[in-house]
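Here is how names work: the chains are called A, B, and so on, in the same order as the sequence lines, proteins then strands, and each is numbered from 1.
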Amino acid sequence: MFNPSFKGGVHPPENKKLTEERSIENLSVPHTCFVPVQQHIGKPAIPVVQVGDYVQVGQLIAKADGFISSNIHASIPGKIASITNGPTPASASGLRIQIETHGNFASEKTPDKIEWDKLPPKDLLEKVFDAGIAGMGGASFPTHVKLSPPSNVKIDVLIINAAECEPYLTVDDALIKRSYKEIIEGIMITRTILGVKNVIIGVESNKKRSYKTIKEYLKKIGEKNIKIPMLKTKYPQGAEKQLIYSLTHRTVPSGGLPMEVGTVVQNIGTCFAIQQAVCYGTPLFERLVTVSGSLINKPGNYKIRIGTTIADIIRECGGLKEQPHKIVMGGPMCGQAVETTDIPIVKGTSGLLFLSKEESSAGRYANCIRCGRCVQACPINLLPFEIAANIEISRPECTERFSPLDCIQCGACSFICPSRRPVSHFVKVAQDYIRSKR
Amino acid sequence: MSIKKEFLKGLVEKNPVMVLGIGLCPALAVTTSVSNALWMMIATTFVLTCSNVLVSLVKDYIPSHIRIPVFITIIAAFVTVVEITLKAYQPEVYTSLGIFIPLIVVNCIILGRAEEFASRNGVFISIIDALGMGIGFGLTLTILAFFRETLGANKLFGYTLIPGFKPAGMMAIAPGAFITLGLMLWAMNRIMVSRKHKK
Amino acid sequence: MKDIIKPAAVLAAVTFCASLLLATVFAVTKERIAFLDSEAEKNALAIVLPGYSITGTAKTKDNKIYWVGEKTENGETINGFAFISESPGYSGTIRCMIGVDSNMNILGISILKQTETPGLGARSVEIASKNTFWDVITGSAVDEGIQFPWFQQQFAGLNGNKTVQVVKNGDWTPEMASDLVSQNAVSAITGATITSKAVVDCIHKGISEYNDIIKNSNK
Amino acid sequence: MEIKLFITILFSTIFINNYVLSQTLGICPFLGVSKKTDSAAGMGFAVIFVMTLASVITYFIYKYILIPFSITYLRTIAFILVIASIVQLVEMAINKLSPSLYRALGIFLPLITTNCAVLGVAVLNVDSGFITKEFGLLMTIVQGFGAGVGFLLALMLMSGIRERLETADIPFNLRGMPISFIIAGLLSLAFLGFAGMSF
Amino acid sequence: MDQQIYTLSLAPHTKNRQNLPVVMWLVVLSLLPSTVFAVYTFGMHVLLVILTAIFSACAAEYLFRLLLKRELTIFNGSAAITGLLLAMNLPPMVPLWIPAVGSVFGIIIAKELFGGLGHNIFNPALVGRAFLMASWPALMTTKWITFPNGTMFSSSFNAYSVLPQPALDALTGATPLAALKNVPALANSFNVHSQYNIYQTLFDISNFKALAIGNIGGCIGETSALLLLTGALLLLFTRIINWRIPFSYIATFALLIFAYYKLTGFFMPYHALVYHLLSGGLILGAFFMATDMVTSPVTGKGMLVFGAGCGLLTFAIRIWGGYPEGVSYSILLMNAAVPLIDKYCVPKIFGKRKQA
């Protein structure tokens, strides 16, 4: 009842039942992969292979361009078939490295685990950078950047985001159930890199089993500095600033970064990737994806190679019951609807949903009835309906006093609106207008 | 031609209440009955005509920076004349118009015409202007009063209109005045717009 | 210097002329206004003190005027008193003149001033003509003679020492009169209970204010 | 007892007989300055100030000049000149003493001269017989102040509503003045709830 | 290769199930118990009044939108709710043209002229009622039904037969609140020098029962406190109405009423408090009319202020005002203040730094 939480938020129907109990399955390796060079926030990586080259799994194929960028690795062994533009999650036409399967998988041997606690933090950070890890929660911010705060900033808490507040998605849950030991190790590595002592893991109250698993394991290994309070189930509990507030009651200033209040937030999937990269030198070339929605025949939590196209995944998951109304990459609340099934999975793809019209269509929207639900739901305390009203009558210049730039695009307002108004879309328009004017 | 134009402009195209939006207080307050509205029209037109005449006569002798106080004094004098006369010879009208007789002074129509028209034009044309404006003002009041008296009291000139009809008392008080005038303005706007379309 | 003197002179001249004009108009109408005022007072007194002759006015301690009248009945001289009282109505103040005898029995009231809703509260002073607008314009109107508003008529004969009750029986008819007097009540104007109560309040206020004065002057 | 009387006067002028909404005085500035709440507040405070001041000054003029000389028929002319000069003087004084206040209120002051509610409150002070009563000065002050507060209240409510209606889908011909009258009518309908209130 | 083009749209891709029609019909559903009860106790005429009100509200909206060539919104149910709420605020025996005229005025003047649903400032049902009150007060204050054999007054009055018959008639012919307001005058005029007896009669336990159940004089929809609360619970449970407005409304009102009776030395302050809470339109107003989404504030703080304002005004009108009941006028008055409340009760934006 009194689980820690933030103000506002909504309770979307969870729809996690579809995949909650499914353990992680490996999806068969596709014949062809399209690996985009832009899978993270920052500059796109620069390809370091030529068409016709043969690559091994985990081989570097594109190099980070500068500090805020990430390395890209081959996800399947084979031949570089092309380096051309095509649809990617980031844009309708982005540079993709096409790899066609060639050669064998036998070389994929698990190397021996290294003893990371003997290495200095700088080397650990180097390994994270080499592995090309970017945040697995969705925003895909290069992890090594987050882990190297400026020297004048004092970080005292590391927050691990396992809230997974989006409906349908169960990847974090499934990962915890299977690899909680690795995750805790990853957390410890991250803690060492940052040089902080205290860690807080945020898990929503609807994932009781995962919560128990971690809690018991922590007790067993006698770790006292990692706390795991149970969060109230509420969307957007996993949004960075909301999570920080729920767990520490610190308020990240508007337009500011978590480190300004002495915190760093890492997704739980990222911790797992860090552990893999540091202990085994495995770069990030595959990830867990929840494939769900009412129209897919075999929903589940799959381990999928980066670059696998949606079309391949549909085939591997038993095909579709009928043509979906929408295909969404990510969660239904702030994920992205895609136009074609040619789009590949990237590092930040946590879910792939095949939604029917009943599940996802808003239909025509009606007048705002000023019920104030968007105001109650907004975790940032904005007045979304006012912004929407002004945009609707083409007065974007009047929206500035309602600070649309503070909006985190969580979509709670659109979700809750009884008039079915695309409120967060209107807010986005206002944001674009104000940004373009500056 | 010009005389006709100056006279007619007050009725429609520059109607003080409906178009310029001035002289609203008396328009709302005294329109509980048609006879009140007509008396208001007479009183206002009288003051307006007299002040226009006097202003256009003395306009050349008044230093421009004190013209407003002078105009106000002139208007106030005529208003008081009306006030005293009504009190002496029409005591019932005096009571029912009440405070709105002295308040003719601050009716923007009068000062507005003195400032805008009479202080720039000759005596005769100023009279025409005053008559047009006064009658335009009064006409609006009368129409408003007609709706309010018939619907609000089921009466016309104080006599029952349809025996048995239960009038809507709200029309006789302030809310009725506001709403009726609002609807009249709406109708006027619609007519004006459709006219413009035809042209 | 000239900049100040000339405007000042013009302004003074205009004001002077205006005052002169007004003084003239006032002088012409003065008598008529005075006549109307006294006439109005006389009429009101005739209503609230019916049959009494006014012997003079008196003042209370705080300078409020009241009227004293007398009439001879069965060889005895009876005093009557009239005074003015005010009370807030539905919109604005209601001012009444009230006539009582020395036992505080109400002889009559007259509403001097009210700004109530026409058709509702204002019916306290209106006499509904039975002629309709159409009767008047077709010339078939009947002369109804001088009438007195029924609402004010009801008050005559009530006991001012007791609370006057306002009852909602629908509009007053002569048949209701005896019943109402026995209840010390008046029938409210339909739909204007607030106004009706305000008039009653006005009477209560006036009577309580003048009660002692009148009792003392009687001795 | 006296306190109760003053509360009654104050309450009555603010709510029961609100100058704008139930007596339809001061409609022009009420509609003209109610587009934005900020300017409405500025105007409202300026009116409170001028009304209170005008009540006091006209009280003295009426009691100590007009009555002793038996020239009460000059009431209208005297009051309007006094109000015009008060406004002028206040404007100059504020300009000298507090330029920041002048920036906030200054632009509204000239508009007040033609606000019939100001002359209205002065005339009503006389009409309600406050001048000759005991505590008359206090009563006029309370009435003047209350009238100003009532004006501010009506103006603020109106401007809030009009600001909100900027995004409303009002029929085109109804925008601006007509809908403002409808709002005023509904406001005044709501204010009927105070009718007949007494303590 | 798959050439199918899928729907593109911005997030979110899922929607709350509670959309506009659902909201509207839930409101109707929550009003149903008290409506049915009213028809049962007051008779079939009440059903006609309710149907007339609903029909004319819908017809007015339909015709207005048709004439102005605007989108027809008649099926979103809001006009029907306006009609129903208006009918619930009318005395049971009004002639049928009263609900018709009231609905038409409310819908057209208070709602459609402002641009229809969502743009109106005032609650159309309350505007309709205020219009009827201002226009035909006689019809609006006399058409009550009394229960000669019902619980209200009859049994308790037998116990206090000191009261003369006319006083009994005066009390039973009115609504509970009007009866309460009349006590001093009644006591004076019928020579019952102590008001004690009359108050004791009014505050008899059987009357409180009647107030809760609803077999008592009053407007169509306001008499049964229990059934109204049942409906209100449904709305609170489905989160259609926010608890803040009813809570702060009733709390403020109760506090003021209690303080007033206590401070004026009234001998039965607790009874008076309960009597005030249960009688009149307080529950109907606080849960169903003050909470109208369009005409109430959007922010939490604003809702509390709004409710408190309603409570204060209701208290003032009931105690000092010209009418026995003040709920509808206080809500209407606070409706006017909503834009200002919204403007000045904006919540602090999360993480917003203070302007330097």
Side-chain angles (χ1 to χ4, degrees), chain A residues 362-378 380-407 411-414 416-434 436-437, chain D residues 21 29-46 100-108 152-193:
Chain A
R364 284 186 61 203
Y365 64 85
N367 281 359
C368 170
I369 56 166
R370 301 177 63 91
C371 60
R373 288 182 192 193
C374 52
V375 183
Q376 314 294 339
C378 183
I380 310 293
N381 286 341
L382 298 175
L383 300 177
F385 74 98
E386 292 275 17
I387 301 171
N390 278 298
I391 292 296
E392 201 181 5
I393 55 164
S394 314
R395 291 202 315 183
E397 69 279 1
C398 296
T399 60
E400 199 153 355
R401 64 198 160 107
F402 302 113
S403 332
L405 289 187
D406 283 303
C407 172
C413 45
S414 296
I416 201 78
C417 181
S419 288
R420 303 282 201 230
R421 294 164 69 78
V423 187
S424 62
H425 170 74
F426 284 133
V427 177
K428 185 98 180 44
V429 175
Q431 285 182 332
D432 292 346
Y433 172 83
I434 291 171
S436 73
K437 221 177 58 178
Chain D
L21 296 176
F30 174 65
L31 293 176
V33 200
S34 58
K35 274 193 191 123
K36 290 266 171 278
T37 39
D38 301 342
S39 49
M43 180 71 175
F45 284 111
S100 62
L101 190 65
Y102 182 76
R103 272 196 296 280
L105 300 186
I107 45 167
F108 304 114
L152 172 73
L153 179 72
L155 200 59
M156 287 302 283
L157 290 176
M158 185 72 177
S159 61
I161 292 172
R162 284 182 74 175
E163 256 181 23
R164 191 183 128 179
L165 286 180
E166 279 173 16
T167 52
D169 179 27
I170 299 169
F172 182 76
N173 291 318
L174 204 63
R175 289 182 194 182
M177 284 275 274
I179 195 71
S180 304
F181 275 111
I182 305 275
I183 303 166
L186 293 179
L187 271 177
S188 128
L189 196 60
F191 266 65
L192 286 184

| said: Would D/Ser180 and D/Met158 count as a side chain to side chain contact (heavy atoms under 4.5 Å, CB included) here? Give the steps. | reply: CA-CA 8 Å; D/Ser180 304; D/Met158 185 72 177; 3.6 Å; yes
| task | Tell me the residues of residues 383-396 of chain A whose non-hydrogen atoms fall below 4.5 Å from those of chain D, in number order. | result |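 At a heavy-atom separation under 4.5 Å, chain D is reached by A/Ala389, A/Asn390, A/Ile393, A/Arg395.
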Counting N and O atoms only, with roles assigned by atom type, does the side chain of [X] sit under 3.5 Å from a partner on the main chain of [Y], one being a donor and the other an acceptor?
| X | Y | value |
| --- | --- | --- |
| D/Ser188 | D/Leu21 | yes |
| A/Ser419 | A/Asn367 | yes |
| A/Arg421 | A/Ser414 | no |

| said: Test of understanding: with side chain to side chain contact (heavy atoms under 4.5 Å, CB included), list the residues that count as partners of D/Lys36, not counting sequence neighbours. | reply: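 Once residues adjacent in sequence are excluded, the partners of D/Lys36 under the side chain to side chain contact (heavy atoms under 4.5 Å, CB included) criterion are D/Ser39, D/Glu163, D/Glu166.
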| said: Test side chain to side chain contact (heavy atoms under 4.5 Å, CB included) on A/Glu397 and A/Ile434; report intermediate values, then the result. | reply: CA-CA 8 Å; A/Glu397 69 279 1; A/Ile434 291 171; over 6 Å; no
